[in-house]
Structure formats: C-alpha cells, structure tokens
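For reference, the structure discussed in these notes is given below.
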Amino acid sequence: ETGVTQTPRHLVMGMTNKKSLKCEQHLGHNAMYWYKQSAKKPLELMFVYNFKEQTENNSVPSRFSPECPNSSHLFLHLHTLQPEDSALYLCASSQDPGGDQPQHFGDGTRLSIL
Amino acid sequence: RKEVEQDPGPFNVPEGATVAFNCTYSNSASQSFFWYRQDCRKEPKLLMSVYSSGNEDGRFTAQLNRASQYISLLIRDSKLSDSATYLCVVNGYNKLIFGAGTRLAVHP
C-alpha cells in the first residue's frame, strides 16, 4: 500500500546532527500525525495537524520540530537528539482528526542515535 | 484507569485454534472502534472497524458491548500468519486512542 509514504526507512545519526523525516499521504486526508514507538512499547502520539495547522503537541521536547506545509506533507526535523530518542517514528493520516475515521500509517522510519 | 486497556498476552495457541481478545475503554461517549494488527518492527495496519451490530470478516469477528464498555476480537482457525500484536483503538476526547496491544503467537 502506498497511501502514506515515509522516508528514509532507516536513519542513523549522531547526537549533534540535524536531519529530517518526511511523510507524504496520497489519500486526500486532512489530518496527519507523528507517533513514536520505542522497542516493545505502545504508540506515543507526538503531534497532530489538521488542514496543516498544529492541533496537538503532546509535550514533545523541542529537539523535535514538526512542519506541515500542506495537507499532504509532514516533516519532522531532528536536532541534538539523545540516545533514548532511538525508536520507530510513524506517520499517519486520517480524513479528520476527530477520531471517527481510522488512521492509515506509513512504513515508519527506524531511527538510531549514536 | 487507562483510557484503553488490553491484556498484553502473549496468547500462545496452536494452529487451528479459536482465540478471543477483549479490550475495555473508559469513555462512555466513544463512538468509533477499530482493531489494528501490528507485525514485529512494522507499522500498524487496520484490520477491521467495529460496528454496533458486530461484524465479521472471514475468520475474524469483532463485537461491541456498550453497556460493559468493551470490544472483542475473535479469530477462528488460527494460522501461523496471524501471529502479531493486535491493537484496540477507540475514539475519545476528539481523537483516536490506541491500546498497548495483545500479542498473539500461533505455533504449529
């Protein structure tokens, strides 16, 4: 399924690097999400965007900076990350953010911080 | 009380067995319910929506009990390929809330 695509699939970076994760959805949805999933842990919601406006920031540290230029694209800019930030980062989209419709996920970016 | 609670498992069952998972939710105003499947190190994938009247998709049956605030997933004739973590998802407070998942391991 190519409804939600994420790049890169894997990323290894040092703690002082700056990198960005990219997400694109081809489903015509209005809401997009970033989730973090650490090994053997549940999904943690990070950010929610609706019509490219941020509607939720779940107390995420400022070293994670999201950007949503339009309803189809979502970025997560990374800067000065810590080893505990190593995780699977998942992007999702849905028709609206209210929870009436299911979310569709991308394949995720597996991030490792050295 | 967690907003969405699931037994983490693992449920270890032989091929061909029938297995059922329950999930309880705390918000009585919730209106939308879903089951997702997540394979190891992969993204969650929508398995099925859960309707008030219950619904069936092949070997999978989902049911909703509003009075007791739980949803269930029944898998009949388990296959090795059913081994995964099953996430219960409920809408509440204007967003979707994901459970931590129930792990299923089907063995030969």
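As the structure is a computational prediction, the values presented were derived from the model and not from experiment. Throughout, a chain's letter reflects where its sequence line sits, starting with A, and its residues are numbered from 1.
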Original post:
For B/K42, is it the side chain, the backbone, both or neither that has a heavy atom under 4.5 Å from a heavy atom of chain A?
Top reply: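 Contact with chain A is through the backbone of B/K42 alone.
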Original post:
So what's closer than 4.5 Å to chain A heavy atoms on B/R41: side chain, backbone, both or neither?
Top reply: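 Contact with chain A involves both backbone and side-chain atoms of B/R41.
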About how many Å separate [atom2] of [Y] and [atom1] of [X], when rounded to the nearest 0.5 Å?
X     : Y      : atom1 : atom2 : value
B/N94 : A/T55  : CG    : OG1   : 9.0 Å
B/L96 : A/L45  : CG    : CG    : 10.0 Å
B/S49 : A/Q101 : OG    : CD    : 8.0 Å
A/N58 : B/K95  : CG    : NZ    : 6.0 Å

Is there a path of hydrophobic side-chain contacts, each under 4.5 Å between heavy atoms of I, L, V, M, F, W or Y residues, that connects [X] with [Y]?
X     : Y     : result
A/V48 : A/L21 : no
A/Y89 : A/M13 : yes
B/V13 : B/L80 : yes
B/L74 : B/L64 : no
B/M48 : B/Y25 : yes

**OP:** Please indicate whether B/R103 has more than 12 foreign heavy atoms, meaning atoms of other residues, nucleotides or ligands, lying under 6.0 Å from its CZ.
**Re:**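 No - once you tally the heavy atoms of other residues, nucleotides and ligands closer than 6.0 Å, there are 12 at most.
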Original post:
Any chance CD of B/Q6 has more than 12 other-residue heavy atoms, nucleotides or ligands included, within less than 6.0 Å?
Top reply: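 Yes, enclosed.
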**OP:** Measure centre to centre between the rings of A/F105 and B/F98, then say whether the value is under 6.0 Å.
**Re:**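 Yes, they do, as the ring centres are separated by less than 6.0 Å.
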Subject >> Test item: side-chain donor near acceptor, B/E43 and A/Q6, under 3.5 Å >> reply: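 Side-chain D/A pair, B/E43 to A/Q6: absent.
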**OP:** Without swapping roles, check the side chain of B/Y36 against the backbone of A/P102 for a donor-acceptor pair under 3.5 Å.
**Re:**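 Such a contact is absent between B/Y36 side chain and A/P102 backbone.
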**OP:** Taking the side chain as every heavy atom from C-beta outward, state whether B/F34 and A/Q103 have any pair of such atoms under 4.5 Å apart.
**Re:**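 No; the side chains remain at least 4.5 Å from each other.
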**OP:** Taking the side chain as every heavy atom from C-beta outward, state whether B/Q38 and A/Q37 have any pair of such atoms under 4.5 Å apart.
**Re:**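 In contact.
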Subject >> Portion of A/Y35 that has a non-hydrogen atom of chain B nearer than 4.5 angstrom >> reply: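 It is the side chain, since no backbone atom gets that close.
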Original post:
Where do A/G99 and B/S32 come nearest, in terms of heavy atoms and distance?
Top reply: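 Looking at all heavy atoms of both residues, the shortest contact is O-CB, 3.5 Å.
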**OP:** Quick one: closest heavy-atom pair of A/L90 and B/P44, and the distance?
**Re:**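 Scanning both residues completely, I find the closest heavy atoms to be CD1-CD, 3.8 Å.
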